[in-house]
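Scope of the values below: all heavy atoms of this structure, side chains included, with no hydrogens, waters or symmetry mates. Throughout, protein chains are lettered first and strands after them, A, B, ... in sequence-line order, and every chain is numbered starting at 1.
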Amino acid sequence: MSVRVRFAPSPTGALHIGGVRTALYNYLFARQQGGKFLLRIEDTDQNRFVPGAEDYIIESLKWVGLIPDEGVGFGGDYGPYRQSDRKAIYQKYALDLVERGHAYYAFDTPEDLEALRQKEANFTYNQFTRSSLVNSLTLSESELRARLEAGTPYVVRLKVEPDVEIRIRDLIRGEVVFHSSEVDDKVLLKADGMPTYHLANIIDDHLMEITHVIRGEEWLPSTAHHVLLYQGFGWADTMPQFAHLPLILKPVGNGKLSKRDGAKFGMPVFPLDWVGATEEDRFPGFREAGFLPQAVVNFLALLGWHPGGDQELFSIEELISAFSIEHISKSGARFDFEKAKWFNQKYIQASAPEYLAGLIKPLAETKGYSVSAAFLLQVVALMKERVTFLPDFIEQGYYLFERVREYDTETVQKKWTANTAVLFSDMMRFLEQIEPFEATNLEASVKQFVQEQGVKPGDVLPLLRIALAGTMKGPAVFDMAVALGREETLARLQLFVNTFNR
RNA sequence: GGUCCGUUCGUCUAGGGGUUAGGACACGUCCCUUUCACGGAUGAAACACGGGUUCGAUUCCCGUACGGACUACCA
């Protein structure tokens with residue numbers, strides 16, 4: 001049987017970076033096994049539905065390159081892939097389960113249950129309490145029929161049999177055992193006719209012939225219910241295998257990574273910018289922060305998984321061939337933004353100049369710079385080894401696009417002497433006619449010129465650098481001069497002399 | 001509270017009954033470089049604790065502690 005896995009987020013807002021990792025692991029597994037990777041939208045909670053979230057999820061997956069083989073927006077033979085479009089299917093199966101004796105109607109209202117919880121803090125609807133509640137197990141047949149015919153709202157609940165051991169073989173954690181006395185009678189079908197996650201995911205996974213369920217650790221406790229459902233439907237022999245992923249934890253402190261941590265630690269925790277309706281519902285994304293999707297993938301892949309060995313940088317092809325569920329860690333992994341930055345830097349260094357130039361072009365344009373592709377290529381060559389994020393090309397290297405905004409006056413004062421102005425004027429005349437205006441020639445000639453003037457290069461070159469860039473940081477001076485061109489270089493030298501020669 | 005899951009340098013992790021416990025990020029020092037980075041070298045830094053099992057446990061078992069998830073007509 002060929003592998004089929006799914007990523008099944010619910011459209012309640014921006015897709016958390018942990019969700020991206022779950023999608024990635026599913027994707028890697030599917031690709032490696034020659035199987036299919038599907039996207040299913042779990043929108044059975046009408047109250048939590050957020051417009052735009054579905055598009056956001058799809059765009060996120062596309063950005064990181066995890067293209068589903070089937071799913072909402074991707075076609076496929078097992079649709080519909082949006083659960084709200086499958087409502088009738090769940091109702092049919094829920095009633096089927098009632099007939100099989102593995103589920104029952106319950107008429108207790110949310111208010112009834114809330115009142116019970118008030119009275120008894122740990123109240124649970126289960127095999128011990130259901131006999132004293134209002135459901136098809138306690139109602140007579142005629143009472144039941146009367147309520148159903150009157151259209152009384154009801155839910156369908158799982159009927160958990162007493163004294164049964166539920167064994168789960170988790171691919172990551174080994175065998176996990178639950179006793180049915182600890183398993184409650186979960187709601188399967190809600191009063192609005194929609195299924196809960198538990199029902200919908202079992203029916204869909206069965207109908208969509210899912211072979212492996214790779215999902216977050218938060219689902220481990222409810223897997224007992226899921227196993228019972230497979231058995232109740234008579235699908236035990238085709239039940240998928242489970243793999244419960246460790247959580248992604250906060251960078252510091254306790255608990256899992258939350259969307260608030262982004263603002264708190266000044267880093268994105270979402271793949272793309274999310275712009276919600278309110279000011280508080282806005283979050284930055286990795287893409288807009290200037291990450292390369294390949295770097296995000298590499299970073300995420302290694303956050304909770306490692307194939308063994310010392311390799312850190314993996315192409316997507318390498319990830320696919322090296323991936324194995326058995327090598328996924330059991331414990332939660334802290335989100336280390338410093339490591340994410342390192343990956344990005346590495347991927348920028350390794351990227352083709354043309355690719356980078358294409359990515360920074362729109363960034364330059366929003367800053368109001370209109371530059372040629374050739375010039376962008378020069379910027380990339382100059383800045384590639386010293387940036388972490390894509391916008392750094394423009395922001396750190398702004399002086400390649402416009403004139404110096406601010407000089408490092410401290411260094412200027414340290415190096416400026418009585419004859420600096422004269423020296424610079426002579427150097428400008430020298431630069432005016434030097435041929436070719438090219439880095440190695442410039443370097444050799446200018447150094448020689450400076451020496452002939454009886455000055456040490458160390459006294460002049462820093463000033464030359466500041467004249468062109470304003471700062472002591474940055475690319476090699478003569479490379480910058482070439483990128484700027486002869487005319488602009490001379491103009492900046494003149495400007496520099498004018499500024500400091502008082 | 002109950003159930004379940006987990007615990008190797010600060011962080012991500014490799015490893016696995018006998019190892020100088022390996023790599024990477026971050027950090028320190030040095031080299032390269034008349035800048036900054038890149039690169040190279042190097043240093044500091046870990047098996048939560050207590051019992052077993054064993055000739056020998058960081059590795060296997062059991063506890064304890066700590067951390068986490070779940071405990072909705074949310075997913």
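The residue A/Arg48 sits close to a base: some heavy atom pair falls under 4.0 Å.
The side chain of A/Lys346 contributes an N or O atom lying less than 4.0 Å from OP1 or OP2 of B/G39. Side-chain N/O atoms of A/Arg157 include one lying less than 4.0 angstrom from OP1 or OP2 on B/C73. The phosphate of B/A75 has OP1 or OP2 within less than 4.0 Å of a side-chain N or O from A/Thr44. For A/Ser329 and B/U13, the shortest distance from a side-chain N or O to OP1 or OP2 is below 4.0 Å. Proximity of A/Arg386 to the phosphate of B/G39: no side-chain N or O atom is located under 4.0 Å from OP1 or OP2.
With both ends at atom C1', the span from B/G67 to B/U35 equals 47 Å, rounded to whole Å. Comparing the same atom, C1', in B/C12 and in B/A26 gives a spacing of 11 Å after rounding to whole Å.
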Given ring-ring contact (aromatic ring centres under 6.0 Å, His included), test A/Phe500 with A/Tyr407 step by step and report yes or no.
CA-CA 10 Å; A/Phe500 291 97; A/Tyr407 291 110; 5.4 Å; yes
Where do A/Phe265 and A/Phe337 land on the ring-ring contact (aromatic ring centres under 6.0 Å, His included) test, with the steps shown first?
CA-CA 9 Å; A/Phe265 299 104; A/Phe337 191 59; over 10 Å; no
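A ring-centre distance under 6.0 Å is found for A/Phe335 and A/Phe299. Checked against the 6.0 Å centroid criterion, the rings of A/Phe389 and A/Phe291 qualify as a close aromatic pair.
Both the sub-6.0 Å distance and the 45° axial angle are not jointly satisfied by A/Arg147 relative to the ring of A/Tyr154.
The base of B/A26 is not paired with the side chain of A/Lys339 by any donor and acceptor separated by under 3.5 Å. Judged by atom type and distance alone, A/Arg465 reaches the base of B/U35 through a side-chain donor-acceptor pair under 3.5 Å. Donor-acceptor pairing under 3.5 Å, judged by distance alone, is absent between the side chain of A/Arg334 and the base of B/C12.
Salt-bridge check for A/Arg334 with A/Asp336: failed, with every basic side-chain N at 4.0 Å or more from each acidic carboxylate O.
What separates CG of A/Leu313 from C1' of B/C25 is a distance of 12 Å, to the nearest Å.
Contacts between residues 166-204 of chain A and RNA chain B, defined by a heavy-atom separation below 4.0 Å, involve A/Arg173, A/Val176, A/Val177, A/Phe178, A/Glu182, A/Val187, A/Lys190, A/Ala191, A/Pro195, A/Thr196, A/Tyr197, listed by number.
Checking A/Gln311 against A/Lys473, the closest nucleotide of RNA chain B that is more toward the 5' end is the one next to A/Gln311.
Across all strands shown, the partner of B/G63 is B/C49, judged by Watson-Crick or G-U wobble contacts whose two distances both fall under 3.5 Å.
Classified by interplanar angle (parallel below 30°, tilted 30° to 60°, perpendicular above 60°), the ring pair A/His226/A/Trp219 is tilted.
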